[in-house]
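The structure displayed is predicted, hence computed values, not measured ones. For this chain, numbers begin at 1 and follow the sequence in order.
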Amino acid sequence: LVRPGRVLLASQGGEASAYAAELVAAGLPPECPVTVFGVGVEHAAHDDIRARLGARSHESVVGTGDPAEVTVRQAGLGYQVFATGTRVTVAADLPELVDAVFVSRRELPVILARPAADGATPIRRVLLPVAATVQSRAATEMAVAIAATHGASLFLLHVKSDAIDEPASEPGQLVRA
């Protein structure tokens with residue numbers, strides 16, 4: 001990362017969170033410590049997640065209260081990256097806590113990991129949205145590391161918002177570089 005630092009891995013336990021932990025382990029420098037954070041769960045729910053982080057420095061923290069509110073408060077304690085797993089495939093259905101972190105902590109790069117439906121399919125493609133921001137730089141470094149670790153193809157996506165001095169194109173047209 002631009003500045004390696006602390007990672008907040010929001011987890012309720014389960015395969016999606018364990019998958020997010022694997023991506024953090026593969027994509028972030030080993031000197032980045034991880035806090036596995038859950039709301040209304042037992043510390044034991046984080047055992048598999050912590051095991052997938054390997055030798056990396058990590059801790060388990062459990063909070064109580066409204067998950068979105070408590071997670072946003074935790075994210076404000078000096079983390080440089082927020083990560084979580086999800087089974088959601090449509091952006092409109094993203095968990096409330098991810099939306100709350102996006103809105104309240106815009107400068108915080110977010111890793112949203114979705115494992116394959118069968119839980120066993122290896123990573124073959126990594127889609128990386130790019131922009132001229134610090135968060136995009138951090139995402140780029142992580143995506144390159146994950147793609148290299150898994151031998152996956154890396155696809156970059158940049159959405160152009162202004163078409164100044166460009167020929168008109170059809171809405172939804174894709175341009176390959």
Side-chain angles (χ1 to χ4, degrees), residues 1-41 43 45-54 56-115 123 126-147 149-150 154 156-157:
L1 286 175
V2 176
R3 287 181 326 202
R6 295 172 55 206
V7 178
L8 178 61
L9 176 58
S11 169
Q12 294 300 100
E15 189 56 36
S17 296
Y19 183 70
E22 288 177 14
L23 292 183
V24 165
L28 295 174
E31 62 269 17
C32 294
V34 177
T35 298
V36 181
F37 179 75
V39 178
V41 298
H43 284 282
H46 294 159
D47 288 349
D48 184 41
I49 287 88
R50 291 193 320 264
R52 295 191 192 202
L53 291 169
R56 175 185 305 271
S57 173
H58 58 273
E59 66 177 340
S60 176
V61 175
V62 174
T64 58
D66 175 73
E69 182 179 310
V70 174
T71 302
V72 167
R73 190 170 42 248
Q74 184 72 24
L77 298 178
Y79 293 93
Q80 282 70 46
V81 177
F82 175 81
T84 192
T86 184
R87 289 268 180 207
V88 172
T89 58
V90 178
D93 295 332
L94 285 176
E96 179 184 347
L97 81 90
V98 172
D99 187 45
V101 171
F102 275 130
V103 170
S104 68
R105 308 287 305 162
R106 288 186 190 121
E107 75 283 358
L108 194 63
V110 174
I111 299 164
L112 187 58
R114 183 179 59 87
I123 296 173
V126 176
L127 176 62
L128 174 64
V130 294
T133 64
V134 172
Q135 295 87 344
S136 182
R137 168 76 190 270
T140 299
E141 292 180 18
M142 183 168 180
V144 167
I146 290 170
T149 299
H150 294 279
L154 179 62
L156 305 179
L157 173 66

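Within the 4.5 Å cutoff, the side chain of Q74 has heavy atoms near those of the L77 side chain. Looking only at side-chain heavy atoms (C-beta outward), T140 and L128 come within less than 4.5 Å of each other.
Atoms OG1 and CG, from T84 and L9 in turn, are 6.5 Å apart once rounded to the nearest 0.5 Å. With rounding to the nearest 0.5 Å, the separation of OG1 in T149 from CD in E22 is 11.5 Å.
Counting all heavy atoms, side chain and backbone alike, A83 lies closest to V24 at CB-CG2, 3.8 Å. Pairing each heavy atom of I146 with each of G27, the nearest pair is CG1-CA, 3.8 Å. The heavy-atom pair separating R56 from V34 by the smallest distance is CD-CG2, 3.3 Å. Considering every non-hydrogen atom in both T86 and P115, the closest pair reads O-CD, 3.4 Å. In plain terms, the two heavy atoms of A145 and A26 that are nearest each other are CB-O, 3.9 Å. Nearest heavy-atom pair across V61 and E59 is CG2-CD, 4.0 Å.
Under a 3.5 Å cut-off, the side chain of Q80 and the backbone N or O of R6 do form a donor-acceptor pair. Although no hydrogens or angles enter the test, the distance criterion places no donor-acceptor pair under 3.5 Å between the side chain of Q12 and the main chain of G38. R52 places no side-chain N or O within 3.5 Å of a backbone atom of L23 that could act as its donor or acceptor partner.
Under the rule for a side chain to side chain contact (heavy atoms under 4.5 Å, CB included), the partners of A45 that lie at least two apart in sequence or sit in another chain are V41.
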